[in-house]
Amino acid sequence: MTKISVIGSGTMGHGIAQVAAMAGYDVAITDTTAAALDRAQSNVAGNLAGAVERGKATQEVADAALARITFTGDRNAAVENAQLVIEAIIEDIDVKRSLFAELDSQADPSAILASNTSSLSIGQIAEVTERPDKVVGMHFFNPVHIMKLVEIVSHADTSPETLATVREVAEHMGKTAISVKDTPGFATSRLGVVLGLEAMRMVEQGVASPEDIDKAMELGYGHPMGPLRVSDLVGLDIRLAIAEHLFSEFHSTQYQPPQILKDKVSSGELGKKTGKGFYVWPKQ
Ligand code: NAI
């Protein structure tokens with residue numbers, strides 16, 4: 001494995017590109033908007049500068065990592081010669097399926113195509129390709145350069161070779177991999193979203209402020225971060241998309257998106273990325 005291609009340069013894509021480059025892979029990242037690519041480039045540079053400041057990396061290592069990443073609007077160029085393509089675009093099954101159909105003809109036939117989806121079916125994504133054995137879920141966490149977990153999601157036809165390769169890559173990036181069957185929300189979103197949605201319902205009902213609900217989980221239950229702050233970091237639009245998907249799959253009211261979440265998303269309060277969600281955030 002020498003080259004990894006990342007499709008989508010938002011919250012997750014830029015982080016995946018960064019950890020891949022830090023692990024020594026050549027990386028090409030692409031997006032449909034130039035603004036997203038510019039933002040990704042400055043976010044990666046900022047993260048790497050932070051790593052140098054905190055003594056986590058030398059200036060030379062950080063410079064070399066940044067130099068290994070190509071930011072390009074040309075998807076063909078981005079996937080050329082990549083042995084692994086990691087998709088991190090919006091959480092929408094139809095959009096992902098049409099992207100994978102295109103990637104299937106653009107990427108080298110031997111390349112593995114991975115999705116960073118938080119909840120959608122890897123099997124449904126794989127079935128639009130001629131290489132379902134090489135389609136797999138690689139679910140990273142936000143912020144990617146800090147969070148240690150990668151969920152590796154196998155659908156019925158993912159080959160053992162594909163699973164072994166992506167596990168090796170994840171571990172080479174310094175992550176701990178867990179194996180999960182292709183079920184809605186996998187191991188993480190299926191549990192985490194319940195907590196996040198219930199916390200939102202509690203805000204709606206005036207039970208306590210977002211700060212106090214988060215403190216309850218942080219100080220009372222030892223969670224490193226409360227569910228509302230996590231939701232703001234994930235992005236409320238992403239949380240809503242996941243909740244709608246899980247509700248449609250499980251028909252369980254615990255996944256029914258609360259009105260406050262729908263209202264925030266429709267008014268553009270998406271959390272950290274837009275500067276406001278359940279909290280006010282510094283502009284990125
Ligand atoms: P985001 O909204 O921050 O970024 C998505 C990016 O994809 C945007 O820059 C958009 O311009 C780009 N894009 C959309 N369609 C595209 C296409 N056809 N080709 C290339 N680029 C395209 O979204 P985020 O948060 O990075 O999420 C991406 C994926 O990662 C989703 O599937 C989400 O569920 C998953 N995920 C998100 C996490 C989070 O905390 N935000 C955590 C783990 C997974």
Side-chain angles (χ1 to χ4, degrees), residues 5-19 28-44 71-79 85-104 106-107 113-122 124-125 128 137-153 170 175 178 180 184-193 196 225 227-246 265 268 270-275 277 281 284:
S5 175
V6 181
I7 317 294
S9 70
T11 308
M12 297 304 289
H14 84 269
I16 296 168
Q18 180 184 331
V19 296
I29 180 164
T30 187
D31 201 286
T32 43
T33 76
L37 278 172
D38 288 347
R39 216 168 28 244
Q41 191 154 7
S42 70
N43 283 341
V44 172
F71 297 83
T72 174
D74 179 348
R75 197 201 301 149
N76 267 309
V79 301
V85 180
I86 305 176
E87 166 275 314
I89 68 163
I90 54 167
E91 187 76 344
D92 178 312
I93 190 69
D94 296 327
V95 181
K96 287 197 198 281
R97 276 162 64 94
S98 66
L99 174 69
F100 271 72
E102 288 172 24
L103 287 175
D104 195 33
Q106 289 175 313
L113 305 181
S115 174
N116 184 52
T117 176
S118 309
S119 63
L120 301 173
S121 163
I122 300 298
Q124 278 178 28
I125 294 172
V128 302
M138 269 186 106
H139 184 200
F140 290 82
F141 292 81
N142 179 17
V144 182
H145 62 291
I146 298 193
M147 303 302 276
K148 287 284 172 223
L149 182 67
V150 176
E151 261 183 316
I152 295 183
V153 184
K175 305 299 182 196
I178 61 165
V180 187
F186 319 128
T188 48
S189 302
R190 182 165 169 177
L191 283 174
V193 164
M225 195 185 285
L228 294 163
R229 197 175 289 278
V230 169
S231 298
D232 266 11
L233 279 183
V234 167
L236 299 184
D237 52 337
I238 297 280
R239 280 256 137 150
L240 177 60
I242 298 170
E244 281 169 343
H245 175 62
L246 294 181
V265 171
L270 306 184
K272 187 179 178 206
K273 62 185 162 188
T274 59
W281 297 85
Q284 285 184 319

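First listed ligand is number 1; within each ligand, the first listed atom is number 1.
- With respect to Lys273 and Asp237, a salt bridge is recorded, a charged nitrogen being found less than 4.0 Å from a carboxylate O.
- Close N/O approach between Thr33 and ligand 1 is not found [any backbone or side-chain N/O within under 3.5 Å].
- Looking at Asn142 next to ligand 1, an N or O pair under 3.5 Å apart turns up.
- The residue from Ile89, Ile16, Ile242 that puts a heavy atom closest to atom 29 (C) of ligand 1 is Ile89.
- Distances from atom 1 (P) of ligand 1 to the heavy atoms of Thr188, Thr11, Val144, Asn116 show the closest one on Thr11.
- What sits closest to atom 4 (O) of ligand 1 on the protein, heavy atoms only, is Gly10 CA, 3.3 Å.
- Below 4.0 Å from some heavy atom of Ala36 lie the following atoms of ligand 1, by number and element: 9 (O).
- In terms of polar-atom proximity, defined here as any N/O pair under 3.5 Å, Gly235 makes no such contact with ligand 1.
- Thr32 has its side chain out of reach of Arg75: every pair of non-hydrogen atoms, C-beta onward, lies at least 4.5 Å apart.
- When only interatomic distances are considered, the shortest N/O to N/O separation between Glu91 and ligand 1 falls below 3.5 Å.
- Of all protein heavy atoms, the one lying nearest to atom 2 (O) of ligand 1 is Lys273 NZ, 3.7 Å.
- Residue-ligand proximity, Ile238 to ligand 1, at heavy-atom distances under 4.0 Å covers atoms 23 (O), 25 (O), 27 (O), 33 (C), 34 (O).
- Considering only heavy atoms from C-beta on, Lys148 stays 4.5 Å or farther from Phe141 through its side chain.
- The structure places CD1 of Ile86 at 4.5 Å from CZ of Phe140, a figure rounded to the nearest 0.5 Å.
- At a heavy-atom distance under 4.0 Å, only side-chain atoms of Ile7, from C-beta outward, approach ligand 1.
- Ligand 1 has a nitrogen or oxygen under 3.5 angstrom from a nitrogen or oxygen of Ser118.
- Residue contacts with ligand 1, taken as heavy atom pairs separated by less than 4.0 Å, involve Asp31 via backbone and side-chain atoms alike.
- Set against the non-hydrogen atoms of Gly8, the atoms of ligand 1 under 4.0 Å away are 7 (O), 21 (N).
- Under the side chain to side chain contact (heavy atoms under 4.5 Å, CB included) rule, Leu113 has a single partner from Ile7, Val85, Leu99, which is Val85.
- Using a 4.5 Å cut-off on side-chain heavy atoms (C-beta onward), Ser119 and Pro184 make no contact.
- Counting heavy atoms from C-beta outward, Thr117 and Lys96 have side chains that approach closer than 4.5 Å.
- The shortest N or O to N or O distance between His139 and ligand 1 is not below 3.5 Å.
- Side-chain atoms of Glu91 and His245, non-hydrogen and from C-beta on, never get closer than 4.5 Å to each other.
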Where do Ile152 and Lys175 land on the side-chain contact (heavy atoms from CB on, under 4.5 Å) test, with the steps shown first? CA-CA 11 Å; Ile152 295 183; Lys175 305 299 182 196; over 6 Å; no
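- When non-hydrogen atoms are compared, ligand 1 lies under 4.0 Å from the backbone of Phe140 (N, CA, C, O) but not from its side chain.
- With hydrogens and angles disregarded, no donor-acceptor distance shorter than 3.5 Å links the side chain of Asp232 to the backbone of Leu270.
- Asp31 places a side-chain N or O within 3.5 Å of a backbone atom of Thr33 that can act as its donor or acceptor partner.
- The shortest N or O to N or O distance between Val234 and ligand 1 is under 3.5 Å.
- Looking only at protein heavy atoms, the nearest one to atom 26 (O) of ligand 1 is Met12 N, 2.8 Å.
- Looking at every heavy atom in both residues, Ser5 comes nearest to Val79 through OG-CG1, 3.6 Å.
- Residue Lys96 places a heavy atom less than 4.0 Å from ligand 1.
- For the pair Ser115/Phe100, a side-chain contact is recorded, criterion being any heavy-atom separation below 4.5 Å from C-beta on.
- Of the N or O atoms in Thr117, none lie within a sub-3.5 Å distance of an N or O in ligand 1.
- The protein atom (non-hydrogen) at minimum distance from atom 19 (N) of ligand 1 is Thr32 CG2, 3.6 Å.
- The protein atom (non-hydrogen) at minimum distance from atom 5 (C) of ligand 1 is Ala88 O, 3.8 Å.
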